[in-house]
Amino acid sequence: EDEFYQSPRHDKSLKRERDDDNEWEEERYTDGVKWKFLEHKGPVFAPPYDPLPSNVKFYYDGKPMKLSPEAEEVATFFAKMLDHEYTTKDIFRKNFFKDWRKEMTSEEKAIITDLKKCNFSDMSEYFKAQSEARKKIKEENERILQEYGFCIMDNHRERIANFRIEPPGLFRGRGDHPKMGMLKRRIRPQDIIINCSKDSKHPEPPPGTKWKEVRHDNKVTWLVSWTENIQGSIKYIMLNPSSRIKGEKDWQKYETARRLKKCVDRIRNQYREDWKSKEMRIRQRAVALYFIDKLALRAGNEKEEGETADTVGCCSVRVEHIKLYPESDGQEYVVEFDFLGKDSIRYYNKVPVEKRVFKNLQLFMENKEPDDDLFDRLNTSILNKHLQELMDGLTAKVFRTYNASITLQQQLKQLTNSEDNVPAKILSYNRANRAVAILCNHQRAPPKTFEKSMQNLQTKIDAKRDQLSDAKRELKISIYLGQINNISKKKAVQRIEEQLMKLEVQATDREENKQIALGTSKLNYLDPRISVAWCKKFGIPIEKIYNKTQREKFAWAIDMADEDFEF
DNA sequence: TCTCAAACTTAGCAGTTTGAGT
DNA sequence: ACTCAAACTGCTAAGTTTGAGA
């Protein structure tokens with residue numbers, strides 16, 4: 001009702017059109033004239049009748065009979081309803097039969113004279129089968145999951161992540177991939193290597209086929225592997241994130257990051273010292289490490305040219321990817337980064353850096369072509385070797401994990417207001433999460449329907465605002481009239497205010513999230529114990545932060561962390 | 001030291017399901 | 001009951017890291 005009778009001022013699109021077009025203002029509608037011009041495309045019709053497959057038969061008087069499409073269509077309507085009791089009622093049957101006969105050819109009409117002699121059961125079965133088919137597919141998927149989706153590892157039944165072999169198809173790749181369009185070929189049993197324990201019941205290859213190999217390597221975690229034909233790399237079937245083996249690894253990862261926390265000051269001092277080193281390789285290493293630490297860049301392995309899209313990370317950044325500004329927007333020593341990173345996602349950032357870094361960058365860029373490596377004396381293995389010496393288990397990506405987690409913790413501290421209600425606290429959480437996603441450059445394409453859905457939300461908010469002022473006015477009137485029972489009116493105002501707040505929070509959250517993907521950091525970079533502790537501290541149900549899958553993945557953390565966990 | 005294979009984590013997207021709001 | 005957006009899931013590409021072998 002609301003929507004239909006909404007006055008034009010609620011409809012933003014209409015309002016804009018009227019503003020844009022002065023003629024509108026001149027128009028007057030009188031004497032019952034509703035409009036002067038109307039144009040549209042008309043309605044969309046129901047799809048035409050698709051005749052039944054020839055093996056689905058209609059029987060009359062016990063004999064199969066081919067119906068004309070018109071008669072058949074009407075017959076299918078009856079057949080689809082056959083299970084309902086009303087199809088046994090005389091009136092229903094009488095009306096149906098009368099109307100059905102109208103659709104028949106004269107031959108059919110001559111033969112089909114008695115509804116009692118009609119047998120629709122074959123047709124009915126067909127439709128039942130069709131709707132069952134959907135259910136069957138679901139059930140079959142469930143059965144396959146139960147049979148192939150689990151394994152036994154060390155006395156536990158563990159979920160497998162990707163137990164289906166990747167189907168053949170045309171390779172797309174991300175970004176400007178030189179191999180896009182190539183055929184990804186079908187994987188056969190003779191391509192497959194099975195890994196399982198010697199004393200287990202080995203999986204059987206399909207009849208008449210053989211596995212490439214069955215091995216028993218308990219130093220690795222994969223169950224199945226094959227070589228993919230596009231890049232020639234190996235693909236694996238491994239366990240689900242909820243499994244012990246993945247959970248422990250995840251925990252270990254965050255523990256390493258926490259160890260970095262203890263010595264990060266030392267390491268930072270060290271690389272700052274190294275900016276002054278006499279040796280070029282050490283300076284380059286130190287500047288690269290500074291970027292990895294400050295900007296959460298990825299290590300940046302070198303890649304084989306022509307095999308993959310041209311993307312870079314820290315160590316593989318080229319001269320053409322950065323610009324130096326001794327001064328920009330009132331800030332000194334500004335570096336502008338612009339390159340394609342993992343998945344061909346653009347990294348664009350303009351940041352002030354320390355003077356020494358800036359001077360070093362100028363030095364590194366001297367006498368180089370745009371497509372030369374910025375860090376020509378550095379690669380990931382040199383960098384990681386150095387990091388290994390600074391701390392046991394330290395690699396470039398630990399900095400990403402560390403900086404992501406520490407940022408979440410610090411942002412949560414800063415943004416959470418204990419007075420807030422639950423939705424407002426969750427907004428704070430999302431904002432903290434967002435800060436991390438921005439740091440790690442986790443982007444997404446704006447959802448296809450973003451603009452529209454934002455508009456819809458705005459319409460809702462406008463309507464809610466009006467509703468609120470109406471409710472307030474009513475309250476005022478009732479106070480003015482000295483009505484004592486205005487409690488319900490007060491409550492109404494309060495309720496609407498809350499609803500409005502919620503909508504506004506939602507709009508803010510959505511707008512801020514337009515191009516940012518929160519999932520990746522949540523799943524891979526943020527120590528879940530920080531979130532668990534935060535939930536406990538502020539009485540937020542963990543379900544508000546983690547869905548079922550995530551709770552399974554982070555079961556170890558939910559078990560482990562109490563409210564004063566410190567990363 | 002370099003190269004390459006292997007193993008494992010991280011990543012965004014498309015399609016589907018769920019659920020909130022009316 | 002219905003609609004639309006949000007949430008979720010599956011998928012698999014694209015990274016990082018390690019270590020063996022030349």
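Order of the sequence lines fixes the chain letters, A, B, ..., with proteins taken first and strands second; residue numbering starts at 1 for each chain.
Heavy atoms only, all atoms of each residue included: A:Phe567 and A:Lys261 are closest at O-NZ, 2.8 Å.
Of the listed nucleotides (C:dG15, C:dT12, B:dC13), C:dT12 has the atom at the smallest distance from the side chain of A:Glu166. Taking the side chain of A:Thr520 as heavy atoms from C-beta on, and the options C:dT17, B:dG12, C:dC8, the nearest nucleotide is B:dG12. Among B:dC8, B:dG12, B:dT10, the nucleotide with an atom closest to any side-chain atom of A:Asn524 is B:dT10. Distances were taken from every side-chain heavy atom of A:Asn384 (C-beta onward) to each of B:dA7, C:dT17, C:dG10; the shortest belongs to C:dT17. Listed candidates were C:dG15, C:dC11, C:dA14. Nearest to the side chain of A:Arg164 is C:dC11. Among the nucleotides C:dA13, C:dG15, C:dT18, the one closest to any side-chain atom of A:Thr395 is C:dT18. If you check B:dA7, C:dT12, B:dG12 against the side chain of A:Tyr236, the one that comes closest is B:dA7. Closest to the side chain of A:Gln231, from the set C:dG15, C:dA14, B:dT9, is C:dA14. Of the candidates B:dG21, B:dT10, B:dC8, B:dT10 carries the atom nearest the A:Lys253 side chain, counting heavy atoms from C-beta on. When each of C:dT16, C:dA13, B:dA7 is scored by its nearest atom to the side-chain atoms of A:Lys397, the top-ranked nucleotide is C:dT16.
In this structure, A:Leu297 atom CG and B:dT10 atom P are separated by 17 Å, rounded to whole Å. Summarising the geometry, the separation between CG on A:Asn301 and P on B:dC2 is reported as 15 Å, rounded to the nearest angstrom. Between the CD1 atom of A:Ile237 and the C1' atom of B:dA6 there is a distance of 17 Å, given to the nearest Å. For the pair A:Gln515 CD and B:dG12 P, the interatomic distance rounds to 13 Å; values are reported in whole Å. For the pair A:Lys460 NZ and C:dT3 P, the computed distance is 15 Å after rounding to whole Å. In this structure, A:His386 atom NE2 and C:dT18 atom P are separated by 15 Å, rounded to whole Å. Rounded to a whole Å, the CD1 atom of A:Ile426 is 14 Å from the C1' atom of C:dA7. Taking atom NZ of A:Lys303 as the reference point, atom P of C:dT16 lies 9 Å away to the nearest angstrom.
Residue A:Lys246 is in sugar-phosphate contact alone, with no base atom involved, counting any heavy-atom pair closer than 4.0 Å across all strands shown. Within 4.0 Å (heavy atoms only), A:Ala396 reaches sugar-phosphate atoms of the nucleic acid but no base atom. Within the 4.0 angstrom heavy-atom criterion, only backbone atoms of the sugar-phosphate kind lie near A:Asn456; the bases stay farther away. A:Gln443 comes within 4.0 angstrom of sugar-phosphate atoms only, judged by non-hydrogen atoms across all strands, and of no base. Within the nucleic acid shown, A:Ile230 has no heavy atom closer than 4.0 Å to any nucleic acid atom.
Ion pairing of A:Glu248 with A:Arg244 is present here, as a side-chain N (NZ or NE/NH1/NH2) and a carboxylate O approach within less than 4.0 Å. A salt bridge is defined here as a Lys NZ or Arg NE, NH1 or NH2 lying under 4.0 Å from an Asp or Glu carboxylate O, and A:Arg174 with A:Asp343 meets this definition. Using a 4.0 Å cut-off between charged nitrogen and carboxylate oxygen, A:Asp274 and A:Arg283 do not count as a salt-bridge pair. With respect to A:Asp217 and A:Arg215, no salt bridge is recorded, no charged nitrogen being found less than 4.0 Å from a carboxylate O.
Distances shown here put every side-chain N or O of A:Lys235 at or beyond 4.0 Å from the OP1 or OP2 atom of B:dA6. Remark: A:Lys219 is not in phosphate contact with B:dA6, judged by side-chain N or O atoms under 4.0 Å from OP1 or OP2. The phosphate of B:dT9 (OP1 or OP2) has no side-chain N or O of A:Tyr525 nearer than 4.0 angstrom.
Sparse packing is recorded around CZ of A:Arg186, with 12 or fewer heavy atoms of other residues, nucleotides or ligands lying under 6.0 Å away.
Taking the centre and axis of the six-membered ring of A:Phe150, the NZ or CZ atom of A:Arg157 falls inside the cone set by 45° and 6.0 Å.
Both A:Gly341 and A:Ile165 sit near DNA chain C, but only A:Ile165 has its closest nucleotide nearer the 5' end.
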